[in-house]
Amino acid sequence: MPRAQLPAILVSLAGIAVSIYLTVLHYAGFQPACPVSGALDCQAVLSSQYAVIAGSSIPTSAAGIVWFAVSAVLWSRPFGRAQLGWSAIGLVAVIYLLFIEIVRLGAICLWCTAAHVLVVALALIAAAMWNRVRA
Amino acid sequence: MSNRRTRPPMRKPVATTPAWVMPAAVVGVLALLVATFLVIRWYTTPLPPPAPSTDTTQQIITKITTLPPSEFDAIGQGTASNLLKPVSGAPLTGSTGKPEVFYLGGEFCPFCAAQRWSLIIGLSRFGTFSGLQPTTSASDIEFPNTPTFTFRSAQFTSQYIDFRPVESSDRDRNPLQTPTAAEQKVFDQYDSSRTIPFVDVGNRYAFTGAMYSPSVLAGMTWQEVAAALQDPSSAPAKAIIGSANLITAAVCKMTGDQPSSVCSDATIQGLEKNLK
């Protein structure tokens, strides 16, 4: 197994854990309220209309579980276009979710940001591996 | 004899791009996008509506605190969510020894902004407010610039209850007022999520959060909200007065249905029955 694959699998597993936690938070339910201080507000994000996949009651974080799980499986195989493409899909999703948090909601959820950072980390690993393969 | 032509050995392709370029590009593009989103947010956040003058503020407060009983009866619970939960602690009493309603909120918070309208209307059936000042929730948060009145300098006089408001932060989230140790203990005990607004009705009922969405007030001025409250079929009236009725019912439970002019009302009695 190439050196970068094990970290990628570990990052994917961490992403699954974070996404499961966010899903649990979602189903625990929220009061429409503010944290005592600050805008780093998972409540505002996870109780918003964007916390579910459009037209469904499935939490967005459930999609995160699926994405990281597929990622873990892909990274256990030899590196190729699949990992690069999957990382690109994740990156596009992160950009969309950042747009929602910053522009639409004006609130940043730290746990969501943790998941985003893990997606970006996987994209960076994929980009670096792609460079190496091409070379 | 072999006719096979020997191929020239494959030359290893020369890497034209250093390995760090792709990851750096990804990080760079992301940083650029985040900066762009922040600029878009800044551009699209509406400015807070201009605060009304002192005279206009007084007119608005008079208008919303002298609503006819028929208005309360027509709406009942309206579209408000009943967040009141029974709690069992030593009865909360104020500085004058009367049963106390304790409020903990923050000026930045849009849910506090929404809930204050109902608190002002509901509690005004038991006494009189003074010192209410117009403000809005923060501009950089969900439901930005929700119009409201801050309790930071508010006084409340009543022969039935005390009202103790604490605005913990100003509109820019700077610390403003601090609850006493006893008040902090009540907050810690009944609001495990540590969110605001938090309202304790004499340690008989408590709730966290707003009973309706601040979106009901989006883009409105104080005058427009006050005007909408005159119409029982309007969305703000159904939400704000519905919540005010729930608060009234909880306070009536706390005061032993005093004053009867308020608490014996059929609508309030009906809501009291629904409180556990």
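In what follows, every chain begins at residue 1, and chains take the letters A, B, ... in the order their sequences are listed.
- Side-chain contact between L33(B) and L98(A) is absent, with no heavy atoms from C-beta onward closer than 4.5 Å.
- Within the model, atoms CH2 of W20(B) and CG of L124(A) stand 14.0 Å from one another, a figure rounded to the nearest 0.5 Å.
- Contact annotation for L30(B): only side-chain heavy atoms (C-beta onward) come within less than 4.5 Å of a heavy atom of chain A.
- Heavy-atom pairs under 4.5 Å with chain A were tallied for P214(B), C109(B), P175(B); the largest tally goes to C109(B).
- Put simply, OG1 on T36(B) and CD1 on I95(A) are 10.5 Å apart, with the number rounded to the nearest 0.5 Å.
- The side chain to side chain donor-acceptor pair (under 3.5 Å) pairs that include a residue from residues 103-113 of chain B are Y103(B)-R116(B), Y103(B)-E167(B), E107(B)-T150(B), E107(B)-R152(B), where partners are two or more places apart or lie in different chains.
- By the 4.5 Å heavy-atom criterion applied to side chains, L38(B) and V103(A) are not counted as neighbours.
- Neither the backbone nor the side chain of F143(B) has a heavy atom closer than 4.5 Å to any heavy atom of chain A.
- Note: F99(A) CZ to I40(B) CD1 = 6.0 Å, rounded to the nearest 0.5 Å.
- Atoms SG and CZ, on C34(A) and R194(B) in that order, are 14.0 Å from each other to the nearest 0.5 Å.
- Taken from CZ in R41(B) to CD1 in I102(A), the straight-line distance is 10.0 Å, to the nearest 0.5 Å.
- Interface remark: L91(A) contributes side-chain atoms only to the contact with chain B (heavy atom separation under 4.5 Å).
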